[in-house]
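First up is the structure itself, then whatever we jot down about it.
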Amino acid sequence: MDKKFYIAANWKMNASLSFINDYFSFLDSKAENSNEMIICPPDIYLQSLIKTAPSFIKTGAQNISSHDAGAYTGECSGEMLADNSVQYVIIGHSERRQYHQESNEDIKLKLLKAIDSNISPILCVGESREERESDQTFDVINKQIRSVLDNDILSKDIGLLIAYEPIWAIGTGLTATPEMANDVHSFIHSIVSEMISNSIPILYGGSMKESNAKDLLEMEHIHGGLIGGASLDASEFLNIYNIAEEIRNG
Ligand code: PEP
């Protein structure tokens, strides 16, 4: 199957200088395969990661300001991220939506700033447990996608990735079954296909780990993973990246 996989780590608010040194003593340039590995550390460690990680690894931030500059304490602009060689940025993660009250409108502004700065967005969407249990999954996803993406944005060559992350599966140990995830990925694919002909890679996120990665990544519409907890273990994260390669070569 020739499907390129994107295996992305969201370290959230974890790591330290010694963690980074140990991580990349283990995960060195010999680990490279034909898929894309992306690591998103806290901003303060972006430079350490760039200096320490092998060059095949792409670097991502976990957030971007919706403003260009000025009195926005604690924020980092797209220009600043680009100045630090950041290639990807996670936008609309459920933890940002929940703890920072980011709306679909804020997320669109952030996505536009990423595009202005030539940084590829990783747009996260996903439903809560209540929404799934009341059969609103597809409505929620539809709204999250359509209020942020449009034909104009999608026609730009920006390296956009979409991550489907059911909120009830993030950091909980619960994973969507491969079929459940694939159904939503297929739905996202159909929305995006109405807007452009190129297909956009859709990653799954929510307790992906070595033990479930193969079953998830083998599904037709799953093109990778956005991985939180399991990405903090260099060996487990590398194993997931290698599983993607086995599937690609298989
Ligand atoms: C995430 O934070 O994007 C995530 C998917 O976390 P976890 O893998 O820990 O569920």
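Scope of the values below: all heavy atoms of this structure, side chains included, with no hydrogens, waters or symmetry mates. Numbers here simply count residues along the sequence, with the first being 1.
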Keeping the roles fixed (side chain from [X], backbone from [Y]), state whether a donor-acceptor pair exists under 3.5 Å.
| X | Y | answer |
| --- | --- | --- |
| D83 | G78 | no |
| K12 | G229 | no |
| E236 | D233 | no |
| E127 | R132 | no |
| H100 | E102 | no |
| T52 | L49 | no |
| Y204 | A176 | yes |
| Q47 | I44 | no |
| Y241 | N33 | yes |
| S117 | I119 | no |

Show, in sequence, the C-alpha distance, side-chain angles and deciding distance for D150 and L154, and conclude whether the side chain to side chain contact (heavy atoms under 4.5 Å, CB included) test is met.
CA-CA 6 Å; D150 57 34; L154 286 167; over 6 Å; no

Over 12 non-hydrogen atoms of neighbours within 6.0 angstrom of CG in N151:
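Result for CG/N151: enclosed.
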
Within 6.0 angstrom of K143 NZ, more than 12 heavy atoms from elsewhere:
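Atom NZ in K143 is not packed in, count stays at 12 or less.
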
Taking the inter-plane angle between the rings of F19 and W11 on a 0 to 90° scale, is it parallel (under 30°), tilted (30 to 60°) or perpendicular (over 60°)?
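Judged by the thresholds at 30° and 60°, the geometry between F19 and W11 is perpendicular.
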
Ring-plane angle category for H189 and H221, please: parallel below 30°, perpendicular beyond 60°, tilted otherwise.
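Correct class here is tilted.
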
Side-chain contact test, heavy atoms from C-beta onward, threshold under 4.5 Å: evaluate it for [X] versus [Y] and give yes or no.
| X | Y | answer |
| --- | --- | --- |
| P54 | E32 | no |
| Y88 | T59 | no |
| V148 | I91 | no |
| K113 | D68 | yes |
| C124 | I90 | yes |
| I145 | I188 | yes |
| V125 | E165 | no |
| I153 | L111 | yes |

With rounding to the nearest 0.5 angstrom, report the [atom1] to [atom2] distance, [X] to [Y].
| X | Y | atom1 | atom2 | answer |
| --- | --- | --- | --- | --- |
| F24 | S29 | CZ | OG | 12.0 Å |
| I240 | S211 | CD1 | OG | 8.5 Å |
| E246 | N239 | CD | CG | 9.0 Å |
| M208 | I243 | CE | CD1 | 9.5 Å |
| L46 | I39 | CG | CD1 | 11.5 Å |
| K108 | R146 | NZ | CZ | 12.5 Å |

Side chains of [X] and [Y]: do they bring a donor and an acceptor to under 3.5 Å?
| X | Y | value |
| --- | --- | --- |
| Q62 | D43 | no |
| N35 | Y6 | no |
| H67 | Y72 | yes |
| N104 | R97 | yes |
| S147 | E105 | no |
| S77 | E79 | no |

Which heavy atom of [X] sits nearest a heavy atom of [Y], and at what distance?
| X | Y | answer |
| --- | --- | --- |
| G126 | I167 | O-CD1, 3.9 Å |
| E218 | K214 | OE2-NZ, 2.8 Å |
| D28 | F56 | O-CE2, 3.7 Å |
| G224 | I7 | CA-CD1, 4.2 Å |
| P41 | G60 | CD-O, 3.2 Å |

Go through the steps for Y164 and L203 under the test side chain to side chain contact (heavy atoms under 4.5 Å, CB included), then give the verdict.
CA-CA 6 Å; Y164 168 56; L203 283 49; over 6 Å; no

Before accepting this row, confirm whether a basic side-chain N of the pair D106/K110 lies closer than 4.0 Å to the acidic partner's carboxylate O.
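So D106 does not pair with K110 through a salt bridge.
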
Salt-bridge criterion met for K58 and E36 (N-O under 4.0 Å):
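E36 and K58: salt-bridged.
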
Going by the side-chain contact (heavy atoms from CB on, under 4.5 Å) test, name the single residue among I200, I107, I202 that passes it with L123.
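Running side-chain contact (heavy atoms from CB on, under 4.5 Å) over I200, I107, I202 with L123 returns exactly one hit, I107.
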
